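Input: a single structure, listed below in structure tokens.
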Amino acid sequence: MQIYQRGKRGTWWIRFTTPDHRRLHQSLGTTNHKQAMELADQIKAQSWRIAKLGERPRHTWQEAVVRFLEETRHKRSHGDDVAKLKWLHRYFGDLHLDEVTPDAIGQVRTALFAGKGPKGGSTDGTVNKYLALIRSILRKADREWAWLEKAPYIKLASSRPRAEPFRWLTPEKARKLLEALEDKGLHHTADMARLSLATGLRQANVTGLCWDSVDLSRQVAWVSSTASKSGYAISVPLNDEALHVLDRWRLKHPERVFVLDGKPVTKVSTRAWRNVLKSLGLRPHPGRHPENFCWHDLRHTWASWHVMAGTPLEVLQKLGGWRTIDMVLRYAHLAPGHIAAYSRNISGPNLAQIEGGKLALPETRAT
């Protein structure tokens, strides 16, 4: 049996071969050497009882959580998983895995829908994220770790597509917003808003934009996979407006594009930004309400303008770096002209072919 520590003060792990010749390698879930030795001895004794006496040990939910987080530390959503599991601890923290039954899971589902989750009321999508996390842990315990005889079936909430409320600005309203920012001396904020309206870049990608991600000669910028919300690298074509904005900020900082008093800008949703919105009759974020306006609505504005100008939805998906077409369909109602032409496929002479409620098909000859 071997136990070892990952890093100078990292978690202790155990590696050994069980009496029935299975190779076991798992985290002990502690950075304390004495506790690690005690746990290792318990695991070794337990493996002997399993192999020689046919006993099946009972593992706790907390043990499964520790192992799951160790094995999925590389996930982009690792931090979100930790937050969800902390909240779930009040329901499952004292249970063994075989006690995480459909009834126990149902209590979590009911609590989330009743608005008792960490952020109040929960939508179907939010509830499904918690249920999917529970399901992932229980399936690993069943199929990979052999800690459960069978994982319970977990039915997700019905995922009805719900249109997220968003606002977009008319060109005239956008012009007034940019002028108001300039009048208040917020030149950096105005140019960052111009770039968002010209490219659809998200707020974090605008504030974090570096010169090594911009090629003015080729008229393109890019967002790395680590900085992209979708997890994929995005190529961002630069139109004339975007090029003019970037040209104004050249040579002002060796690394970052947008700076204020020589320091990179890290925040745009400031009090001054909110005051400008109020002066224009726009209710500033926070709060999910159709009348609330936030920086992300500049991206909605960019997408809405594209659709109304005739940009195909599949092209807009690539421009915006969306992973699936579903996110782009929110804007489809702004361009009914995309499908209007198809309505004429059965107009005029084609309708005349319909006889007695049935379409008269062309006659065919036997060959």
Side-chain angles (χ1 to χ4, degrees), residues 74 76-77 166 168-169 171 174-175 177-179 181-182 185-270 273 294-328 330-331 334-335:
H74 62 283
R76 291 171 61 91
S77 61
F166 70 86
W168 59 276
L169 302 176
R175 182 184 62 79
L177 172 62
L178 297 175
E179 289 179 351
L181 291 170
E182 295 283 3
L186 302 173
H187 307 296
H188 63 288
T189 307
D191 269 351
M192 295 169 85
R194 284 190 181 94
L195 187 65
S196 289
L197 289 169
T199 63
L201 283 174
R202 293 181 171 88
Q203 177 179 329
N205 299 137
V206 173
T207 57
L209 187 62
C210 296
W211 286 115
D212 60 6
S213 297
V214 177
D215 190 334
L216 295 178
S217 62
R218 294 173 50 218
Q219 302 182 359
V220 66
W222 52 90
V223 178
S224 68
S225 58
T226 55
S228 167
K229 185 177 179 180
S230 65
Y232 294 110
I234 305 171
S235 177
V236 184
L238 301 174
N239 58 21
D240 290 342
E241 178 67 16
L243 290 171
H244 291 156
V245 169
L246 294 173
D247 189 60
R248 283 195 291 270
W249 291 87
R250 291 173 64 183
L251 307 178
K252 293 193 176 184
H253 194 273
E255 180 184 352
R256 299 286 279 275
V257 173
F258 295 104
V259 295
L260 180 63
D261 298 330
K263 297 180 180 179
V265 177
T266 58
K267 186 178 180 181
V268 290
S269 298
T270 61
W273 159 262
C294 66
W295 189 274
H296 195 72
D297 287 321
L298 297 176
R299 177 172 167 86
H300 291 312
T301 298
W302 165 83
S304 300
W305 288 355
H306 260 292
V307 171
M308 288 186 290
T311 302
L313 297 181
E314 61 272 16
V315 174
L316 181 62
Q317 178 188 351
K318 294 179 180 179
L319 288 172
W322 282 287
R323 201 167 187 172
T324 66
I325 195 68
D326 294 343
M327 299 299 291
V328 188
R330 294 179 292 177
Y331 309 102
L334 297 171

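Values below: every heavy atom of this structure, side chains too, minus hydrogens, waters and symmetry copies. Every value quoted in this text rests on a predicted model; they were computed, and no experiment measured them.
Across all non-hydrogen atoms, the minimal contact from Val259 to Val265 is C-CG2, 3.7 Å. Scanning both residues, Thr324 and Gln317, for their nearest heavy atoms gives C-NE2, 3.5 Å. Of all heavy-atom pairs between Gly262 and His253, the closest is O-CD2, 3.7 Å. Summarising the geometry of Val328 relative to Trp322, their closest heavy-atom pair is CG2-CE3, 3.7 Å, with the distance given to 0.1 Å. Ile234 and Ser228 get closest at one heavy-atom pair: CD1-OG, 3.5 Å. The shortest heavy-atom contact between Arg256 and Cys210 is CD-SG, 3.5 Å.
Here the side chains of Met308 and Tyr331 are not in contact, with every heavy-atom distance at 4.5 Å or above. Looking only at side-chain heavy atoms (C-beta outward), Trp211 and Leu251 stay at 4.5 Å or farther from each other.
Shown here are the side-chain hydrogen bond (donor to acceptor under 3.5 Å, both in side chains) partners of His187, two or more places apart in sequence or in another chain: Glu182. Partners of His306 by side-chain hydrogen bond (donor to acceptor under 3.5 Å, both in side chains), not counting sequence neighbours, listed by chain and number: Trp302, Thr311. Remark: Trp249 engages Phe258 in a ring pair (Phe, Tyr, Trp, His ring centres under 6.0 Å) (not counting sequence neighbours). Taking the side-chain hydrogen bond (donor to acceptor under 3.5 Å, both in side chains) definition, one finds that Asp247 meets it with Arg250, sequence neighbours left out.
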Side chain to side chain contact (heavy atoms under 4.5 Å, CB included) assessment of Thr270 paired with Thr189: CA-CA 10 Å; Thr270 61; Thr189 307; 5.7 Å; no
Steps toward side chain to side chain contact (heavy atoms under 4.5 Å, CB included) verdict (Leu195, Leu209): CA-CA 11 Å; Leu195 187 65; Leu209 187 62; 3.8 Å; yes
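Rounded to the nearest 0.5 Å, atoms CG (Leu201) and CE (Met192) are 10.5 Å apart. Summarising the geometry, atom CG belonging to Asp297 is positioned 11.0 Å from atom CG belonging to Leu197; distances are rounded to the nearest 0.5 Å. To the nearest 0.5 angstrom, His244 atom NE2 is 9.5 Å from Asn239 atom CG. Taking CG from Leu181 and NE2 from His188, the interatomic distance works out to 9.0 Å, rounded to the nearest 0.5 Å.
Taking the centre and axis of the six-membered ring of Trp168, the NZ or CZ atom of Arg330 falls outside the cone set by 45° and 6.0 Å.
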Taking distance alone, no hydrogens or angles, what donor-acceptor pairs closer than 3.5 Å link side-chain atoms of residues 215-224 to residues at least two apart or in another chain?
| from | atom 1 | to | atom 2 | distance (Å) |
| --- | --- | --- | --- | --- |
| Asp215 | OD1 | Ser217 | N | 3.2 |
| Asp215 | OD1 | Ser217 | OG | 2.5 |
| Asp215 | OD1 | Arg218 | N | 3.2 |
| Ser224 | OG | Thr226 | OG1 | 3.0 |
| Ser224 | OG | Ala227 | N | 3.4 |

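With a 6.0 Å radius and a threshold of 12 heavy atoms from other residues, nucleotides or ligands, Lys252 has its NZ atom above the threshold.
Applying the side chain to side chain donor-acceptor pair (under 3.5 Å) test to every pair with at least one member in residues 195-209, sequence neighbours left out, gives these pairs: Ser196-Trp295.
Side-chain atoms of Arg299 come within 3.5 Å of backbone N or O of Gly320 as a donor-acceptor pair.
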